[in-house]
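When reading the values below, keep in mind they use all heavy atoms of this one structure, side chains included, and skip hydrogens, waters and symmetry mates.
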Amino acid sequence: MKKSKLIILMLSIAYMVILTSCKQTNDPIITADKVDKVVILVKSENEKDRSWEAEDQNFLKALIGNINATLGEKDENTQNFDIELTPDQKKYDYKIDFYNNGEVVQEVEISQVNKLKIDKEEYTIKEDREKELNSLKNHVLSVVR
């Protein structure tokens, strides 16, 4: 009985090691060559919801670059939108849907002041990345109507 428990334990450990080594190490954000459109939605408590669609590859690259910068990744396509946000703008809910051939391939949500959610993975943006987060929010606000 002890021998079978030991074998099961060893197999379980081996399985966990294999799963850990197979985990994807790709960046969490999609690349611009895998998307052909973005739809942006900004919601606030006091104002009308605003949205915008874009298919321009340069815009897509810059937007993805700003998301990567917020996550601490270097991206040559990052654009700095260094404008002070109002306290309300910091609290808006931002949603960015990336599409390829009419299908949503990635969803990005910014809410709760410093939370970034990519698909189902949630990231807390620390103070050292607040400038990049505010730049991303400004980028989105600069295009929505």
Worksheet entry | D97 and K95 ion-paired at < 4.0 Å | yes
d(N66 CG, L71 CG) to nearest 0.5 Å is 11.0 Å
In terms of hydrophobic clustering (I, L, V, M, F, W, Y; side-chain heavy atoms under 4.5 Å; direct or indirect links), are V144 and L85 co-clustered? yes
The side-chain hydrogen bond (donor to acceptor under 3.5 Å, both in side chains) partners of E109 (sequence neighbours excluded) come to none
Is E76 atom CD crowded by more than 12 heavy atoms from other residues, nucleotides or ligands, each under 6.0 Å away? no
Distance col, row I40:CD1 vs L141:CG, nearest 0.5 angstrom, shows 9.5 Å
**Request:** Could you check if a side-chain atom of L136 sits within less than 4.5 angstrom of a side-chain atom of Y94, using non-hydrogen atoms only?
**Result:** no
Can you give the donor-acceptor pairs under 3.5 Å from side chains of residues 117-124 to other protein atoms, not counting sequence neighbours?
{"unit_1": "D119", "atom_1": "OD1", "unit_2": "E107", "atom_2": "N", "d": "3.0"}
{"unit_1": "D119", "atom_1": "OD2", "unit_2": "Q106", "atom_2": "NE2", "d": "3.4"}
{"unit_1": "T124", "atom_1": "OG1", "unit_2": "K115", "atom_2": "NZ", "d": "2.9"}

From the list L41, V42, L63, V39, side-chain contact (heavy atoms from CB on, under 4.5 Å) with I96 holds only for L63
Between E84 and Q89, the two heavy atoms sitting closest are O-OE1, 4.4 Å
**Message:** Do V108 and V104 land in one hydrophobic cluster if side-chain heavy atoms of ILVMFWY residues count as linked below 4.5 Å?
**Reply:** no
Rounding to 0.5 Å, atoms NZ (K131) and OG1 (T70) come to a distance of 12.0 Å
In terms of heavy-atom contacts, I125 and E130 come closest through CG2-N, 4.4 Å
Salt bridge (Lys or Arg N to Asp or Glu O under 4.0 Å) filter on K137, not counting sequence neighbours, yields none
Sorted by chain and residue number, the side-chain hydrogen bond (donor to acceptor under 3.5 Å, both in side chains) partners of D33 (sequence neighbours excluded) come out as T31
Q.
Are the side chains of Y92 and E47 in contact, using a 4.5 Å heavy-atom criterion?
A. yes
Distance col, row I29:CD1 vs L116:CG, nearest 0.5 angstrom, shows 8.0 Å
So OG of S135 and CZ of R129: to nearest 0.5 Å the spacing works out to 11.5 Å
Residue set satisfying side-chain hydrogen bond (donor to acceptor under 3.5 Å, both in side chains) with S111, at least two apart, ordered chain then number -> none
Closest heavy-atom pair, N101 versus D36, reported as atoms and distance to 0.1 Å, is N-OD2, 2.9 Å
The side-chain hydrogen bond (donor to acceptor under 3.5 Å, both in side chains) partners of D75 (sequence neighbours excluded) come to N68, N77
- Please state whether the rings of W52 and F59 are parallel, tilted or perpendicular, taking 30° and 60° as the class boundaries. perpendicular
Interatomic distance, CD1@I67 vs OG1@T78, rounded to 0.5 Å, equals 10.5 Å
- Query: Where the side chain of N138 meets the backbone of F81, is there a donor-acceptor pair that is under 3.5 Å apart?
  - Reply: yes
